[in-house]
Amino acid sequence: MEQSYLSPIDSRSLRYALGRFASGITIITGVVDTVPTGFTCQSFYSVSLAPPLVSFCVMKTSKSWPGIRSTRRFTVNVLSEEQQAISDAFAKSGSEKSKQVDWAVFPGGQAIIANTLMWLDCSLHSEHEFGDHFLVIGQVENMSPVDWNNQGNPLIYFRGRYCNLQS
Ligand SMILES: Cc1cc2nc3c(=O)[nH]c(=O)nc-3n(C[C@H](O)[C@H](O)[C@H](O)COP(=O)(O)O)c2cc1C
């Protein structure tokens, strides 16, 4: 009997298949009316070194993105394996989540989460609408200094679960 290697492309199957792509976890943050906000984001990737461009996708239903977009500035915070609670907190909508993290002070007023593996301060370069998401391109304006970088390991997301490099 001939075996089928094809699966239907429905949302559930696609989510299951894409869950086999392991990645780090970031929090995209911004400061809206002096209040830090943000959301957990797995879809971050680098686009270009010269000029320095990065990208992520955000759901059209995101509550925090419209405010961050309006400032045309955001920070990408790359989480360490000790920061799963921060990922969980920012994976929910609502204003309370910003009270659950320590924010680092930055002269420009950006929202930077303390003790991450690294951060990138970005200006909004462009935004494109695709399906149920916006694809956002950011231009890196500042980045974490070498002595910021915690030597820890990344928080990893794989098959719908958090993992670390040891597991
Ligand atoms: C591990 C993980 C990865 C996520 N990655 C993304 C992502 O890449 N883009 C996105 O829009 N939402 C992503 N989310 C979902 C958002 O974090 C979640 O919808 C959050 O509630 C959005 O907050 P907001 O509505 O306040 O913006 C992810 C959630 C988790 C747990």
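Just so you know, ligand 1 is whichever comes first in the structure, and atom 1 is the first atom listed for that ligand. From a predicted model like this one, the values you see are computed outputs, not experimental measurements. Side chains are part of it too, since the values below use all heavy atoms of this structure and drop only hydrogens, waters and symmetry mates.
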**Prompt:** Under the ring pair (Phe, Tyr, Trp, His ring centres under 6.0 Å) criterion, do Phe56 and Tyr45 qualify, and how do the steps go?
**Reply:** CA-CA 6 Å; Phe56 64 85; Tyr45 60 100; 9.2 Å; no

Evaluate the criterion side-chain contact (heavy atoms from CB on, under 4.5 Å) for residue pair Leu79 and Thr116; output intermediate values, then yes/no.
CA-CA 5 Å; Leu79 298 187; Thr116 57; 4.2 Å; yes

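Shown here for Ala89 and Gln100, the closest heavy-atom pair between the two residues is CB-OE1, 3.3 Å. What you find for Ser98 and Phe90 is that their closest heavy atoms are CA-CZ, 4.1 Å.
Each of Ile27 and Trp65 belongs to its own hydrophobic cluster when Ile, Leu, Val, Met, Phe, Trp and Tyr are linked at side-chain heavy-atom distances under 4.5 angstrom.
Within a 6.0 Å radius of CZ in Arg20, more than 12 heavy atoms belonging to other residues, nucleotides or ligands are found.
Within 4.0 Å of ligand 1, counting heavy atoms only, the contacting residues are Ile25, Phe39, Thr40, Cys41, Gln42, Ser43, Cys57, Val58, Met59, Ser62, Lys63, Ser64, Phe90, Ala91, Lys92, Ser93, Lys97, Tyr157.
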